[in-house]
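Read through the structure below, which is laid out as structure tokens, and then see the notes.
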Protein chains: 2
Amino acid sequence: MTEIEITDVTAACGTSLVGEPLSEAAAADLAHTMKALADPARLRLLSIVAASAGGEACVCDLTGPVGLSQPTVSHHLKVLTEAGFLSRSKRGTWAYYALVPGALDRVSRALGAA
Amino acid sequence: MTEIEITDVTAACGTSLVGEPLSEAAAADLAHTMKALADPARLRLLSIVAASAGGEACVCDLTGPVGLSQPTVSHHLKVLTEAGFLSRSKRGTWAYYALVPGALDRVSRALGAA
DNA sequence: TCATGACATCGACGATAGTCGATATTGACA
DNA sequence: TGTCAATATCGACTATCGTCGATGTCATGA
């Protein structure tokens, strides 16, 4: 992989699990998106960011609550960002992560919810 | 793990990602449920079962479309069944798998959708 | 310019997951 | 009872993932 993929979650938009059989490509895209959510540390990071004041949090605010090292937290945030669930804005020395609006809703719809 | 877990998907019911920070246990439960959906083969199996006539399909109808060996398909179906997404009913020599109604909807709601 | 602090990247390790061939199990049928 | 067909389980291999310590990068401020 030579380039960073962004807004991966949009790739699974329009496809629905319960409609017709997923193509091989659509299944791979959706699986890649779901894989970003298939980790307890990443789910907790998402929920903590969502519950933070201003809807954003920096890495230093996240390492404590999840009980993981700074490199590990940074890695998980990168996975979530590349999957299209988080956005990153660097201000000074700090990197603030925020939920991408509608990203989780797109996954919900891909799962067949109306 | 000495016992088979059933209706795993119900464990994540009532919790929402965007509400308040997930507890360690809730995150582990939801991650386990999402992990069952984080594989292209399993997503295709779910969609094929959903699109089958009568809403159910036997293993022999599934090995061909997904292009995997019979033991591998059987393994994926077991994961989906233990996660609460599929139900298994054996009639004669055949094992028919069907979608568990509402299972995917519960995941959608856990993701924060209204 | 140099030191400090926040974050990202690297390299490595152990654990887990997906896949297969071989084999066991179970039900149907002659 | 014996054979065959459908499915499940087992054992092994490979690949991928989560985690960490060490190090690199960059902005701030003395």
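Every chain is numbered from 1, with letters handed out A, B, ... down the list of sequences. Treat the numbers as computed from the prediction; the structure is a model and nothing was measured.
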Do side-chain atoms of [X] reach the backbone of [Y] as a donor and acceptor pair under 3.5 angstrom?
| X | Y | value |
| --- | --- | --- |
| A:R42 | A:L37 | no |
| A:R44 | A:V66 | no |
| B:S108 | A:S108 | yes |
| A:S23 | A:A26 | yes |
| B:T72 | B:L68 | no |

Expressed as a whole number of angstroms, how long is the span from [X]:[atom1] to [N]:[atom2]?
| X | N | atom1 | atom2 | value |
| --- | --- | --- | --- | --- |
| B:L43 | C:dA17 | CG | P | 16 Å |
| B:L68 | C:dC20 | CG | C1' | 10 Å |
| A:H75 | C:dA12 | NE2 | P | 17 Å |
| B:L80 | D:dT7 | CG | P | 16 Å |
| A:D39 | D:dT19 | CG | C1' | 11 Å |
| B:K90 | D:dA8 | NZ | P | 6 Å |
| A:L77 | C:dA6 | CG | P | 16 Å |
| B:E82 | D:dT9 | CD | P | 9 Å |

Sugar-phosphate only, base, or nothing, as touched by [X] at under 4.0 Å among non-hydrogen atoms:
| X | value |
| --- | --- |
| A:H76 | sugar-phosphate |
| B:R91 | nothing |
| B:R42 | sugar-phosphate |

Looking at [options], which one has an atom nearest to any side-chain atom of [X]?
| X | options | result |
| --- | --- | --- |
| A:S74 | C:dT9, C:dC20, D:dT7 | C:dT9 |
| B:K78 | D:dT7, C:dC20, D:dT9 | D:dT9 |
| A:A41 | D:dA8, D:dT19, C:dA8 | D:dT19 |
| A:A95 | C:dT19, D:dG18, C:dA8 | C:dA8 |
| A:P71 | D:dA22, D:dA6, C:dC20 | D:dA22 |
| A:C58 | D:dG18, D:dC20, C:dC7 | C:dC7 |

**Asked** So does B:Q70 reach the base of D:dA6 with its side chain, donor to acceptor, closer than 3.5 Å?
**Response** no
**Item:** Below 4.0 Å: OP1/OP2 of D:dA8 and any side-chain N or O of B:Y97
**Value:** yes
**Asked** Which pair of non-hydrogen atoms, one from B:S16 and one from B:L22, has the smallest distance, and what is that distance?
**Response** O-CD1, 3.6 Å
**Asked** Which residue, B:V73 or A:T93, contacts DNA chain D at a nucleotide closer to its 5' end, judged by nearest heavy atom?
**Response** B:V73
**Message:** Both B:G67 and A:Y96 contact DNA chain C. Which one's nearest nucleotide lies toward the 5' end?
**Reply:** A:Y96
